[in-house]
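In listed order, ligands and their atoms are each counted from 1. Side-chain atoms are counted along with the backbone in the values below, which use heavy atoms only and exclude waters and symmetry mates.
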Amino acid sequence: MTELERKQDRAPVPSEWTYASAPEARDIVTLQDRYGHYVGGEWLEARETYTTISPATEEPLAEVGQATPEEVQAAVDAARDAYANGWSDVSPSERAKYLFRIARILQERSREFAVLESLNGGKPIKESRDVDLPLSAAHFFYYAGWADKLEYAFPNRKPRPVGVAGQIIPWNFPLLMLAWKIAPALTAGNTVVLKPAETTPLSALLFCDVLRQAELPPGVVNIVTGDGRTGAEIVKSEGVDKVAFTGSTDVGKAIQRELAGTGKKLTLELGGKAANIIFDDAALDQAVEGIINGIYFNQGHVCCAGSRLLVQESIYEPVVEKLKRRLTTLRVGDPLDKNTDVGAINSKQQLDKIQELVASGAEEGAEIYQPPCRLPEQGYWFAPTVFTNVAQSYRIAQEEIFGPVLSILTFRTPDEAVEKANNTPYGLSAGVWTEKGSRILWMAERLRAGVVWANTYNRFDPSSPFGGYKESGFGREGGRHGLEPYLDLT
Ligand code: NAI
Ligand code: MG
């Protein structure tokens, strides 16, 4: 035996093919013990605070402010002041430079932001690194390019900024939603008061550091943290000219009621219950990847998630079989592990909601499938789940679950697919899988959804407008359309 053969002889034979752990280092992130509100370019000490945690471990990360009405007012005043005294006079090409700077700094610091985003929100580092951060930077780059071209974007009109934008964002894509809100607002010449969601404030607070690095004039962007009470104060504030909200349909409706008759501009990006429709001529393995990406990406905490799978009856069995097999290979666990596909559920509250809806599915008569997987004991977790035998009337086919839970229904004809897909109070997105281009166009014309993906799913680009119909809200974000809500176009 040679030396090499002797070594190989002693090497342990792997009994199963699992991945070794590949943790992303956490030390690139420096957390403060306590954060205030970012108002007028300064840190305002918070009068009331709460603890923000990591949903994967329930470990406390930092104390953050719960902004009071006075603190919100201070932020709105700072934004008004910055708007009136300087920012609205900054030339468009100078405004663009700030946006370009912010975009570049985000790229430079992207690993730091990605780790923080996964730590505070529970999403896999693979996704924060490869999706959230690149898209956030791209959004600033894209809107930077519009700043000095507004008159070409809206020919024969006189685009002028609206004033102070009050922006309230959710916890599923904390930094990306911040970018979707702040970039078009600044490009159009407005100033901003933004509130991140209560469970994920940390990336927005780190972003304040980027604003300083970019030397954005004080007060142009103000960030206050806190829960719905703080959000409601922003909405009510008289100094706010335009409200942009992304979140639940219930809160969206309440905001609409609050603003009715005030003349304030409003855009709402609310929930969804999207149909992902697979025809029998689709490339099935590709479609299965699209189904997985459609519903398990970001633990299913995605407003446009493909949560209702509509499969043509003739291919029902192979699709379900392939899907179940693929589910067994999803790795659920530590968000900071580079091999993780499905991370932690964002909060206890969200986990309770998922559990409640999943229990209703089983009670109403659907059949549940979950792959064997060991969930960590600490933190908030839910196994990837598939329901078959689902009737259209079941709650799991009607309500937004916002978790890693897929409901499968079938159809026979394209007409039936359209009818079932549109049978929802929502209308944010849809997916169509077929080899025929003509069928894609036929379907896209009939689906009442703001975005229709063909032979792909959950694809985003800053130049492409995004938004909904019906209870999914109104107004568009992204693209030239995304500038409109931030401009007066008389
Ligand atoms: P939410 O709508 O309560 O929270 C979203 C944001 O609105 C947060 O920043 C929150 O602090 C703020 N907010 C809450 N109440 C407010 C009020 N009265 N006035 C102004 N701002 C207020 O959503 P939540 O409770 O976190 O999630 C509940 C469900 O909503 C989820 O299970 C999901 O179905 C849906 N949702 C949809 C999102 C989307 O992207 N469209 C994002 C987050 C949640
Ligand atoms: Mg809520």
Colleague: May I ask you to decide if K353's main-chain N or O and E356's side chain share a donor-acceptor pair within less than 3.5 Å?
Modeller: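 No, because the side chain of E356 does not come within donor-acceptor range (under 3.5 Å) of the backbone of K353.
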Colleague: Per the side-chain hydrogen bond (donor to acceptor under 3.5 Å, both in side chains) rule, which among R476, K242, E484 passes with T267?
Modeller: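 It is K242, the one option of R476, K242, E484 that forms the side-chain hydrogen bond (donor to acceptor under 3.5 Å, both in side chains) with T267.
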Colleague: For ligand 1, give me the residues whose heavy-atom distance to it is below 4.0 Å, by chain and number please.
Modeller: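 Correct list: I168, I169, P170, W171, N172, K195, P196, A197, E198, D227, G228, G231, A232, F245, T246, G247, S248, V251, E269, L270, G271, C303, Q349, Q350, K353, E400, F402.
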Colleague: Between F140 and W180 (judged by ring centroids, cut-off 6.0 Å), do the two rings come close enough to count as a pair?
Modeller: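 No; W180 has its ring centre 6.0 Å or more from that of F140.
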Colleague: Is E63 close to Q32 at the side-chain level, that is, under 4.5 Å between some pair of heavy atoms?
Modeller: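 SC-SC contact between Q32 and E63 ruled out.
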Colleague: Between W453 and F460, is the gap from one ring center to the other below 6.0 Å?
Modeller: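 Centroid separation for W453 and F460: below 6.0 Å.
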Colleague: Please check this pair: side chain of R308 against backbone of A421, looking for a donor-acceptor N/O pair closer than 3.5 Å.
Modeller: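 Present.
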